[in-house]
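We name chains A, B, ... by the order of the sequence lines, and we start the count at 1 in each one.
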Number of protein chains: 2
Amino acid sequence: MDLQISIQPSQKLALRDPESSPLGRKIIRDGIVLMHRLGYEQFTFKKLAEVVECTEASIYRYFENKHRLLLYFLTWYWNYVEYQAIVSLQNLNDPALKIRKVIEILTVGLPNWSDASGIDKAALHEIVIAESSKAYLTKDVDIINGEQLFKPYKDLCRHISDLFSAYNPSYPYPRTLASTVLEMAQFQPYFMEHLPALTDFGKERDHSKVAAFLENLVFSALQPKTSSEN
Amino acid sequence: MDLQISIQPSQKLALRDPESSPLGRKIIRDGIVLMHRLGYEQFTFKKLAEVVECTEASIYRYFENKHRLLLYFLTWYWNYVEYQAIVSLQNLNDPALKIRKVIEILTVGLPNWSDASGIDKAALHEIVIAESSKAYLTKDVDIINGEQLFKPYKDLCRHISDLFSAYNPSYPYPRTLASTVLEMAQFQPYFMEHLPALTDFGKERDHSKVAAFLENLVFSALQPKTSSEN
DNA sequence: TATTTTTAATAGTAATACTATTATTTCTTA
DNA sequence: TAAGAAATAATAGTATTACTATTAAAAATA
């Protein structure tokens with residue numbers, strides 16, 4: 001299944017649409033691999049230019065700065081996840097099953113983990129895990145948010161919170177729970193690998209452990225309360 | 001109550017103990033205020049040197065780089081929270097009450113929010129909220145972790161997870177739940193202020209809403225399950 | 001008082017994050 | 001198909017950042 005059509009990040013993110021030229025496409029593909037290898041801080045446009053075999057200035061014609069490039073990567077990912085979630089859930093009816101499926105997509109990975117885009121999705125997923133907080137933990141959050149650049153993430157959060165509300169309409173914190181699940185689906189695998197003392201899991205690469213934790217957490221929270229509790 | 005004695009970050013963090021000289025103390029106090037104002041990315045030692053009225057090189061004699069300075073700030077904060085948690089909980093017996101108290105300390109703030117240290121704790125708390133992820137979301141995590149520099153945070157996580165285990169010894173994810181609570185106690189107030197669509201709260205400054213959510217989440221998760229659930 | 005030790009300032013460098021200008025290629029359309 | 005226009009990329013810069021080697025001054029100690 002080829003689904004490039006659905007994964008076009010906002011026009012505002014790039015100065016020129018990188019998918020419209022061979023150089024632009026190479027900047028995205030090679031950029032993902034290089035940022036994954038070096039990490040956001042060590043990644044520079046100069047180093048990317050060497051890999052892409054163009055000049056630094058050419059990259060600046062596509063992206064204002066590396067923060068915008070990171071946002072472009074993340075937006076691509078969240079659009080992809082949202083699309084996959086819609087496809088995977090459309091023939092499910094049980095609200096509980098839908099919730100389980102979404103948690104699986106967020107942690108273990110996407111069911112269709114290959115297409116013709118040429119994008120290294122494993123690298124992209126690890127960029128999302130390690131760098132996505134840096135997209136909004138900046139003094140420019142409010143400006144970036146005003147440009148609607150977090151819309152895909154917020155839409156996905158809304159989508160998940162709707163699943164929670166469908167399961168239990170009286171639960172008072174569906175969105176907060178959704179953003180908690182979204183964030184922890186990234187942080188806990190990172191903790192597992194680098195700071196295992198913060199988890200109950202060994203230094204394993206098995207993300208299904210995180211899925212089990214999140215399922216337990218979500219279904220406990222959504223369980224209608226008995227009158228003895230507040 | 002004066003408790004500076006207990007809040008000495010690790011020796012490894014600073015090249016020279018900043019609390020041992022007037023210049024060092026000024027670097028810490030002014031550094032907190034400046035990093036809070038500019039954010040981690042825009043904060044530089046040159047700008048701090050202007051405020052402190054010393055040279056850039058003088059600051060480098062205390063801290064290797066600004067990442068180490070951030071770690072110093074965070075360590076100070078987590079040591080302070082751990083200390084306050086111990087003091088606040090020592091005369092409580094009910095496990096549930098202890099959990100509630102810790103959540104309150106993490107979200108609403110510390111009970112004794114003033115001492116003689118001269119440190120702007122409100123600014124420090126906001127640095128923790130906005131910047132602490134940047135302490136470990138770096139390619140050097142494993143090196144820094146090997147130097148035991150995340151110990152105060154891990155100790156606090158362990159402390160909280162012990163409270164969870166005391167409340168329900170059969171709960172299988174006490175540490176993961178503790179790190180989830182610790183992270184969300186910072187992220188959710190940030191979301192509330194900058195990305196309210198990710199929460200169920202308006203753009204308020206009332207952190208007690210976050211506390212209510214976390215209490216609900218924790219006590220639901222820790223509730224012994226009936227046999228009908230997995 | 002002389003000497004050692006500590007502490008800070010000077011004066012740099014390499015790398016980063018950009019930008020203004022110029023050159024080249026590609027696309028129209030006459 | 002050739003000339004002009006538009007798009008795209010390269011050259012060559014700059015200001016700032018992150019740091020360091022060396023020197024100077026101050027403080028502590030003998």
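Under the 4.0 Å criterion applied to side-chain N and carboxylate O atoms, A/Arg29 and A/Glu19 are assigned as salt-bridge partners. Using a 4.0 Å cut-off between charged side-chain N and carboxylate O, A/Lys26 and A/Glu53 make no salt bridge. Between A/Lys134 and A/Glu131 a salt bridge is recorded (basic side-chain N to carboxylate O distance below 4.0 Å).
Residue B/Ser58 is in sugar-phosphate contact alone, with no base atom involved, counting any heavy-atom pair closer than 4.0 Å across all strands shown. Among the protein residues, B/Phe63 comes within range of no part of the nucleic acid, since none of its heavy atoms lies under 4.0 Å from any strand.
Taking atom CG on A/Leu23 and atom P on C/dT26, their separation rounds to 13 Å, with Å as the unit. Between A/Ile59 atom CD1 and D/dA9 atom P the separation is 11 Å, expressed in whole Å. Look at CD on B/Glu41: it is 10 Å from P on D/dA18, rounded to the nearest Å. Rounded to whole Å, the distance from CZ on B/Phe45 to P on D/dT20 is 11 Å. Between the P atom of D/dC19 and the CG atom of B/Leu48 lies a distance of 14 Å, rounded to the nearest Å. One atom, NZ of A/Lys46, and another, P of C/dA14, lie 12 Å apart when rounded to the nearest Å. Distance, A/Leu69 CG to C/dC18 P: 12 Å, rounded to whole Å. Between the CG atom of A/Leu38 and the P atom of C/dA15 there is a distance of 15 Å, rounded to whole Å.
Taking side-chain N and O atoms only, B/Lys66 has no distance below 4.0 Å to OP1 or OP2 of D/dC19. Residue A/Tyr62 has no polar side-chain atom (N or O) positioned under 4.0 Å from OP1 or OP2 of D/dT8.
Considering only the side chain of A/Tyr60, C/dC18 comes nearest among C/dC18, D/dA9, D/dA10. For B/Cys54, the listed nucleotide lying nearest its side chain is C/dA9; candidates were C/dA20, C/dA17, C/dA9. Nearest to the side-chain atoms of B/Glu56 among the listed nucleotides C/dT10, D/dC19, D/dT11 stands D/dC19. The nucleotide whose nearest atom lies closest to any side-chain atom of A/Ala57 is, among C/dA8, D/dA18, C/dT19, C/dT19. Here the side chain of B/Arg16 is nearest to one of C/dT7, C/dA17, D/dT8, namely C/dT7. For A/Asn65, taking side-chain heavy atoms from C-beta onward, the closest of the listed nucleotides D/dC19, D/dT20, C/dC18 is C/dC18. Taking only side-chain atoms of A/Thr44, from C-beta outward, the nucleotide of D/dT17, C/dT16, C/dA9 with the closest atom is C/dT16.
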* **Evaluation steps, side chain to side chain contact (heavy atoms under 4.5 Å, CB included), between B/Ser161 and B/Tyr173** => CA-CA 9 Å; B/Ser161 92; B/Tyr173 310 110; over 6 Å; no

* I would like to know whether A/Glu82 and A/Lys151 meet salt bridge (Lys or Arg N to Asp or Glu O under 4.0 Å); could you show each step before the answer? => CA-CA 12 Å; A/Glu82 171 91 47; A/Lys151 191 171 180 297; over 6 Å; no

